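Everything quoted here is computed from the prediction, not taken from an experiment.
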Amino acid sequence: QVQLVESGGGLVRPGGSLRLSCAASGITFDYYATGWFRQAPGKEREGVSFISSSLISSTDGSTYYADSVKGRFTIWKDNAKNTVYLEMNSLKPEDTAVYYCALTPWNEALPPPEYEFDYWGQGTQVTVSS
């Protein structure tokens, strides 16, 4: 049984930082592209950042960032720990949302369509407020 467990969310002041983690079990992690989505109240879920499988030569661990987070967020993964991370710096109130990690067998250029993601975590709340 595949499980994704996020952690690291919380309340932070504008300009602050948080690091989200997503630990996967029951799956060969590095065969999958993985990433983070977020959903703010009253808004549709949006893709934030993705990282491709390093086992696929055509993608080789490439990364993608939504324009709204480019330069502020960093994604990376530790395949030995089956964990993907999202470092979030210079946080803004508009970053407030529930953040979800997800996995997909997508092996083409990023970003993958949302419907291609097979596995999802339960979400972790990030609130940016003074």
Side-chain angles (χ1 to χ4, degrees):
Q1 181 181 359
V2 178
Q3 279 193 313
L4 303 179
V5 180
E6 300 106 331
S7 60
L11 172 64
V12 63
R13 294 183 185 277
S17 298
L18 283 174
R19 178 180 294 180
L20 305 183
S21 301
C22 174
S25 60
I27 200 165
T28 305
F29 187 70
D30 200 31
Y31 284 110
Y32 290 78
T34 186
W36 295 89
F37 291 81
R38 68 185 180 186
Q39 188 166 23
K43 294 188 176 181
E44 292 188 354
R45 189 163 56 191
E46 62 172 346
V48 176
S49 181
F50 306 106
I51 184 166
S52 62
S53 167
S54 56
L55 296 180
I56 306 297
S57 60
S58 59
T59 57
D60 195 22
S62 60
T63 57
Y64 164 89
Y65 298 95
D67 288 343
S68 58
V69 306
K70 206 171 290 184
R72 300 188 296 122
F73 290 13
T74 303
I75 188 171
W76 76 97
K77 61 180 181 176
D78 185 333
N79 291 319
K81 295 183 178 180
N82 272 14
T83 300
V84 61
Y85 303 92
L86 186 69
E87 181 79 17
M88 306 186 295
N89 298 318
S90 303
L91 282 162
K92 305 175 181 180
E94 51 264 43
D95 294 317
T96 295
V98 178
Y99 284 70
Y100 301 89
C101 71
L103 264 62
T104 171
W106 184 261
N107 61 6
E108 299 179 32
L110 301 177
E114 185 174 330
Y115 61 79
E116 291 285 349
F117 284 83
D118 295 334
Y119 306 106
W120 293 82
Q122 82 286 353
T124 185
Q125 176 70 46
V126 171
T127 303
V128 185
S129 174
S130 55

**Asked** Going through the checks in order, is the side-chain contact (heavy atoms from CB on, under 4.5 Å) test met by V126 and L20?
**Response** CA-CA 9 Å; V126 171; L20 305 183; 4.0 Å; yes

**Asked** Should S68 and R38 be marked as a side-chain contact (heavy atoms from CB on, under 4.5 Å) after you check the CA-CA gap, both sets of side-chain angles, and the distance that decides it?
**Response** CA-CA 12 Å; S68 58; R38 68 185 180 186; 3.4 Å; yes

**Smallest separation among heavy atoms of A40 and A97, with atom names** = N-CB, 3.8 Å

**Message:** Can you give me the closest heavy-atom contact between V2 and G26, atom names plus distance?
**Reply:** CG2-O, 3.5 Å

**Message:** If you define the side chain from C-beta out and look only at heavy atoms, does anything of Y31 sit under 4.5 Å from N79?
**Reply:** no

**Message:** Measuring from atom CG of N89 to atom CG of L18, what distance do you get when rounded to the nearest 0.5 angstrom?
**Reply:** 9.5 Å

**Over all atoms of both residues, closest heavy-atom pair of A33 and S52** = CB-CA, 3.9 Å

**Fill in**
Nearest heavy-atom contact between T104 and P112 is CG2-CG, 4.0 Å

**Request:** Run the numbers on D95 and R72 for side-chain contact (heavy atoms from CB on, under 4.5 Å), then give the verdict.
**Result:** CA-CA 11 Å; D95 294 317; R72 300 188 296 122; 2.7 Å; yes

**Prompt:** Can you check whether M88 reaches V69 side chain to side chain, under 4.5 Å on heavy atoms?
**Reply:** no

**Request:** Step through the shown structure and confirm whether more than 12 heavy atoms of other residues, nucleotides or ligands are within 6.0 Å of CD on E44.
**Result:** no

**Residue that, paired with F50, satisfies ring pair (Phe, Tyr, Trp, His ring centres under 6.0 Å) out of F37, Y32, W106** = F37

**Prompt:** Less than 4.5 Å apart, any side-chain heavy atom of T34 and any of F117?
**Reply:** no

**Prompt:** What about V98 and L11, same hydrophobic cluster or not, with Ile/Leu/Val/Met/Phe/Trp/Tyr joined at side-chain heavy-atom distances under 4.5 Å?
**Reply:** no

**Side-chain donor or acceptor of T96 paired with backbone N/O of V128 under 3.5 Å** = yes

**Prompt:** Are side-chain heavy atoms of I75 and Y64 found at a separation under 4.5 Å?
**Reply:** no

**Other cluster members, Y85 - Ile/Leu/Val/Met/Phe/Trp/Tyr, side-chain contacts below 4.5 Å** = W76

**Asked** E87 side chain to R19 main-chain N or O, any donor-acceptor pair under 3.5 Å?
**Response** no

**Prompt:** Between V5 and V84, is there a shared hydrophobic cluster once you connect ILVMFWY residues whose side-chain heavy atoms come closer than 4.5 Å?
**Reply:** no

**Item:** Over all atoms of both residues, closest heavy-atom pair of L86 and S49
**Value:** CD1-CB, 4.0 Å

**Message:** Checking K70 now: which residues fulfil salt bridge (charged side-chain N to carboxylate O under 4.0 Å, His left out) with it, not counting sequence neighbours?
**Reply:** D67

**Item:** Residues S17, V12; criterion side-chain contact (heavy atoms from CB on, under 4.5 Å); working and verdict
**Value:** CA-CA 7 Å; S17 298; V12 63; over 6 Å; no

**Prompt:** T83 and S21: which non-hydrogen atoms are nearest, and at how many Å?
**Reply:** CG2-CB, 4.3 Å

**Message:** List the residues meeting salt bridge (charged side-chain N to carboxylate O under 4.0 Å, His left out) with E116, not counting sequence neighbours, and say none if there are none.
**Reply:** none

**Asked** Side chains of L110 and S62: does their closest heavy-atom pair fall under 4.5 Å?
**Response** yes

**Prompt:** Looking only at atom types and distance, does a side-chain atom of E6 sit under 3.5 Å from a main-chain N or O of Q122, one as donor and one as acceptor?
**Reply:** yes

**Prompt:** Tell me, do Y100 and R45 make a side-chain contact under 4.5 Å, heavy atoms counted?
**Reply:** yes

